[in-house]
Amino acid sequence: NVGYVLSHPRANGMLGPETLGENQWAFSVFARTLLAYYDYTEDDRIPVLLKKHFSALNDTLTNRQTCIIESMCKMYSYTGDKEILQKAGHIWDLFSMNGGTKDNEVFIHGDMVSSKPIDVHGVTAAEVSKQPLILYLYTGRQEYLDAALGFYSSVERENELPDGIPASYESLFPKHAEALHETCDISDFIWSYGYMLMATGDVKWADKMESAVYNAAFIAFKPDLFTENTGFPPVAITDFLLFNKSADIGSTDSPLAQSV
């Protein structure tokens, strides 16, 4: 619930329940929801609270945790706050540059640039590899683009199937006649190809996206296997908003005289 999360930040300014701890992979997905919500509502709480969240982040994020960079850069595009962009770059640099962190799976800068074969979870490959692309779009630093180009050169050479998506069932696999891929990999690599298109201007990435949609995504399910949903979850009213602000019970000009 977006309203609940925004109304209950942690003591240190981070958003999300305490049980998440420092886990930024889970929050990265939710942050995309917050940004989409902001696009639609222009709720002025979101830039303020996300800035506090980003400021409280540990600099030494690794692997999927670095996916918060995407939302940091997007928020920078809204606010022009250079501190957010600088911290996003710092997180990636500590993770990937100069030998990277010890638990870095396959995203050491030198390995990415040299197009080293990749052995990692498919979604992790798609999600993490797009972070330097996004940083390149906002900073223009060529080394970020070089890392992504090398990484995707390896994916094309070692893993990519004729439909444009790499062989992946959990981990990336070498391409072969009986290779397959999961639906999550189809959607995530299409998304990452979009960033490659924006960063390079090379239409081959648009071709890959089109091929993946028509030759992978549309045949990833059988329509006759879809069944009618007969289970209806309970509905609970958790907040009442006017102009994106909670309406207090019994306060002046509030339509709520009592709790509903």
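Worth saying up front: this structure is predicted, and the values here are computed from it rather than measured.
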Looking at residues at least two apart in the chain, or sitting in another chain, which of them share a ring-ring contact (aromatic ring centres under 6.0 Å, His included) with [X]?
| X | result |
| --- | --- |
| Phe232 | none |
| His181 | none |
| Tyr38 | Tyr78 |

Considering all heavy atoms, the nearest [X]-[Y] contact:
| X | Y | answer |
| --- | --- | --- |
| Ala179 | Leu161 | CB-CD2, 3.8 Å |
| Ala125 | Val120 | CB-CG1, 3.7 Å |
| Ile108 | Asn104 | N-OD1, 3.5 Å |

Listing request: all salt bridge (charged side-chain N to carboxylate O under 4.0 Å, His left out) pairs with a residue in residues 6-15, at least two apart in sequence or in separate chains. none

Is there any salt bridge (charged side-chain N to carboxylate O under 4.0 Å, His left out) pair reaching into residues 173-194, and which pairs are they, with sequence neighbours excluded?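 Qualifying pairs, neighbours excluded: none.
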
Could you see if Leu61 belongs to whatever hydrophobic cluster contains Val123? Use Ile, Leu, Val, Met, Phe, Trp, Tyr and a side-chain cutoff under 4.5 Å. no

Excluding sequence neighbours, so at least two apart, what forms salt bridge (charged side-chain N to carboxylate O under 4.0 Å, His left out) with [X]?
| X | value |
| --- | --- |
| Asp59 | Lys87 |
| Arg141 | Asp93, Glu143 |
| Glu70 | Arg32, Lys130 |
| Glu83 | Lys51 |

Residue pairs fulfilling ring pair (Phe, Tyr, Trp, His ring centres under 6.0 Å) with at least one residue in residues 43-76, sequence neighbours excluded: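 Checked against ring pair (Phe, Tyr, Trp, His ring centres under 6.0 Å) - neighbours excluded - the pairs reaching residues 43-76 are Phe27-His53.
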
Sequence neighbours excluded - ring pair (Phe, Tyr, Trp, His ring centres under 6.0 Å) pairs with any residue from residues 100-125: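 Output for this query lists Phe107-Phe151.
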
For the pair Glu156 and Lys204, find out whether any cationic side-chain nitrogen is under 4.0 Å from an anionic carboxylate oxygen. yes

Short N-O contact, Asp43 and Arg45, less than 4.0 angstrom: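 Between Arg45 and Asp43 there is a salt bridge, with a charged N closer than 4.0 Å to a carboxylate O.
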
Hydrophobic side-chain clustering at under 4.5 Å (ILVMFWY, transitive links): who's grouped with Tyr169? Put none if nobody.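 Members alongside Tyr169: Phe173, Leu180.
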
Crowding at CG, Asn98 (>12 non-hydrogen neighbours, <6.0 Å): no

